[in-house]
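Notes for the one structure printed next.
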Amino acid sequence: MLITKTFHDVPSKLDNGRPIRIFVVAPVVPNYPQAKFPGNEIYQVTGPVERFAGKIASQGYVVACPSSYHEFQGPEAIPYDNEGTDRGNKYKANFFISRRSAFSPTPDATLSIDLLVSLPNCNGRIAATGMCLGGHLAFRAAFDPRVLSTVCFFATDVHSATLGKGKNDDSLARVYKGDMTGKGELVMIFGKQDTHVPREGRDLIRKTLEDADVTCSFLEVQAQHAFIRDETSKGRWDAALTRSMFMFMMEVFERTIGRDLGPKVGEREEVEHVC
């Protein structure tokens with residue numbers, strides 16, 4: 001499917017007045033100018049992220065990619081070099097996580113979802129995905145009831161609650177309180193050789209989600225951190241595994257937002273209907 005690329009500068013009410021630039025990658029069907037597609041949200045637009053967004057869009061989804069570090073710089077991508085790594089880690093340790101989670105003043109996730117549902121080519125059915133930092137931000141986007149499914153690739157800092165200024169985020173605490181229970185479907189994907197999220201951390205995330213009765217699939221594959229990054233991955237990119245995980249993600253999206261099945265009935269009513 002053909003795709004187009006554009007962007008929207010959305011006011012964010014930051015102290016410095018800088019808007020958040022949200023890049024939109026959308027499918028196009030020739031001769032069908034009023035075609036509508038589900039929406040998908042991912043984070044921070046480097047080369048690998050833009051290509052990943054393009055692959056999703058070519059499957060028939062409108063993809064919004066917010067610039068996560070708009071508090072500190074413009075929308076340009078941070079390079080995968082020593083200076084860029086240091087800069088990105090500095091920003092990650094100093095931004096306000098409340099501006100990226102659902103149900104707080106002008107959060108990035110909410111702004112991105114608001115933009116998607118306002119677009120004439122989006123049908124209003126929303127999913128989220130992200131990798132690394134974006135995986136954690138996608139995890140937090142799952143608190144928004146409009147997000148019907150979320151796929152997080154090697155989400156960092158969830159187990160340690162150390163994302164953002166003060167290194168004291170409440171992501172797992174909110175899950176424990178039930179803020180994600182009864183919301184959309186969640187998928188967590190980790191590499192077993194991921195040094196950023198050790199086995200103990202993955203076990204904690206899994207247990208917290210299961211104890212809170214969150215609808216979740218938890219995948220652990222033979223890979224390292226950033227295994228889907230096709231640029232400067234330090235020898236960790238696994239193209240074949242990336243393709244498999246991408247297809248798994250698309251199955252989730254197609255089932256949860258790609259089709260409108262009507263209202264969901266309770267398990268009891270569904271069983272009685274089948275019998």
Side-chain angles (χ1 to χ4, degrees), residues 12-14 20 39-44 64 66 68-71 91-114 116-117 125-190 194 196-220 249 252-253 256-257 264:
S12 64
K13 296 184 180 180
L14 291 177
I20 175 173
N40 188 265
E41 180 193 14
I42 61 178
Y43 294 88
Q44 198 54 40
S68 299
Y69 291 144
H70 61 106
E71 294 172 63
Y91 292 165
K92 187 177 78 166
N94 285 281
F95 69 21
F96 289 97
I97 188 65
S98 63
R99 287 184 174 139
R100 287 151 178 87
S101 59
F103 314 120
S104 62
T106 62
D108 293 358
T110 301
L111 290 174
S112 300
I113 296 168
D114 288 346
L116 277 173
V117 299
R125 299 174 64 81
I126 305 298
T129 189
M131 58 188 82
C132 194
L133 163 67
H136 192 154
L137 298 180
F139 184 89
R140 294 182 68 89
F143 292 122
D144 191 312
R146 296 175 295 177
V147 177
L148 303 181
S149 59
T150 303
V151 179
C152 305
F153 289 91
F154 37 87
T156 56
D157 302 295
V158 176
H159 69 288
S160 56
T162 53
L163 184 62
K165 195 174 185 64
K167 294 186 176 182
N168 188 29
D169 72 74
D170 62 350
S171 298
L172 276 189
R174 290 183 63 181
V175 174
Y176 182 80
K177 290 191 302 181
D179 288 355
M180 200 176 285
T181 306
K183 302 288 179 63
E185 182 173 342
L186 176 70
V187 178
M188 303 296 291
I189 300 175
F190 290 102
D194 190 334
H196 295 270
V197 189
R199 177 180 175 181
E200 295 78 10
R202 301 194 302 270
D203 289 345
L204 174 62
I205 297 170
R206 182 193 299 108
K207 183 179 187 306
T208 304
L209 291 167
E210 290 180 351
D211 288 350
D213 197 26
V214 174
T215 302
C216 179
S217 298
F218 202 98
L219 280 68
E220 295 178 287
M249 177 181 69
V252 174
F253 289 167
T256 56
I257 69 171
K264 182 178 181 181

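In what follows, residues are counted from 1 in the order of the sequence shown.
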Practice problem: For residues A161 and D169, report the shortest heavy-atom separation together with the two atoms involved. | Solution: C-OD2, 3.0 Å
Practice problem: Determine whether L148 and R125 make a side-chain contact, defined as any pair of heavy atoms from C-beta on separated by less than 4.5 Å. | Solution: yes
Practice problem: Under the side-chain contact (heavy atoms from CB on, under 4.5 Å) rule, collect the residues that match up with L172, sequence neighbours excluded. | Solution: F139, V158, L204, I205, T208
Quiz prompt | Heavy-atom pair of closest approach, residues A155 and H136 | solution = CB-N, 3.5 Å
Self-check item: Heavy-atom closest contact (A141 atom, V147 atom, distance)
Solution: O-CG2, 3.4 Å
Self-check item: H196: ring pair (Phe, Tyr, Trp, His ring centres under 6.0 Å) partners, not counting sequence neighbours
Solution: H225
Practice problem: Output all residues satisfying salt bridge (Lys or Arg N to Asp or Glu O under 4.0 Å) with K177, sequence neighbours left out; order by chain, then residue number. | Solution: none
Quiz item: Got a sec, which residues hit side chain to side chain donor-acceptor pair (under 3.5 Å) with K167, two or more places apart in sequence or on another chain?
Solution: none
Exercise. State the CG-CG distance between L186 and L209, to the nearest 0.5 angstrom.
Key: 6.0 Å
Quiz prompt | Derivation and outcome, side-chain contact (heavy atoms from CB on, under 4.5 Å), residues F154 and T156 | solution = CA-CA 6 Å; F154 37 87; T156 56; 5.9 Å; no
Exercise. Start with the C-alpha gap between S171 and L163, add the side-chain angles, then the distance that decides, and say whether side-chain contact (heavy atoms from CB on, under 4.5 Å) holds.
Key: CA-CA 9 Å; S171 298; L163 184 62; 5.9 Å; no
Quiz item: Quick one: do D179 and R140 make a salt bridge, cutoff under 4.0 Å?
Solution: no
Quiz item: What is the distance from atom CE of M188 to atom OG of S217, rounded to the nearest 0.5 Å?
Solution: 11.5 Å
Quiz item: For S149 and I257, which heavy atoms make the closest approach, and how far apart are they?
Solution: OG-CG2, 4.3 Å
Quiz prompt | Sequence-distant partners of D213, salt bridge (Lys or Arg N to Asp or Glu O under 4.0 Å), two or more places apart | solution = none
Exercise. Kindly write out the residues that satisfy salt bridge (Lys or Arg N to Asp or Glu O under 4.0 Å) with D194, not counting sequence neighbours, or none if the list is empty.
Key: none
Quiz prompt | Residues in side chain to side chain donor-acceptor pair (under 3.5 Å) contact with D157, at least two apart in sequence or another chain | solution = K92, T162
Quiz item: Run the side-chain contact (heavy atoms from CB on, under 4.5 Å) check on Y176 and D211 step by step: do they pass?
Solution: CA-CA 8 Å; Y176 182 80; D211 288 350; 6.0 Å; no
Quiz prompt | Separation between OG1 of T150 and NZ of K183, rounded to the nearest 0.5 Å | solution = 10.5 Å
Exercise. Check D114 against R146 and note the closest heavy-atom contact, atom names and distance.
Key: OD1-NH1, 2.7 Å
Quiz prompt | T181: side chain to side chain donor-acceptor pair (under 3.5 Å) partners, not counting sequence neighbours | solution = none
Quiz item: In chain order, what residues pass the side-chain contact (heavy atoms from CB on, under 4.5 Å) check against R206, with sequence neighbours excluded?
Solution: D203, E210, F218, E220
Self-check item: Minimum heavy-atom distance between V197 and R202, given as atom pair plus value
Solution: O-NH1, 3.0 Å
Exercise. Evaluate the side-chain contact (heavy atoms from CB on, under 4.5 Å) criterion for residues I189 and M131: first the C-alpha distance (whole Å), next the side-chain angles of each, then the deciding distance (0.1 Å), finally the verdict.
Key: CA-CA 9 Å; I189 300 175; M131 58 188 82; over 6 Å; no
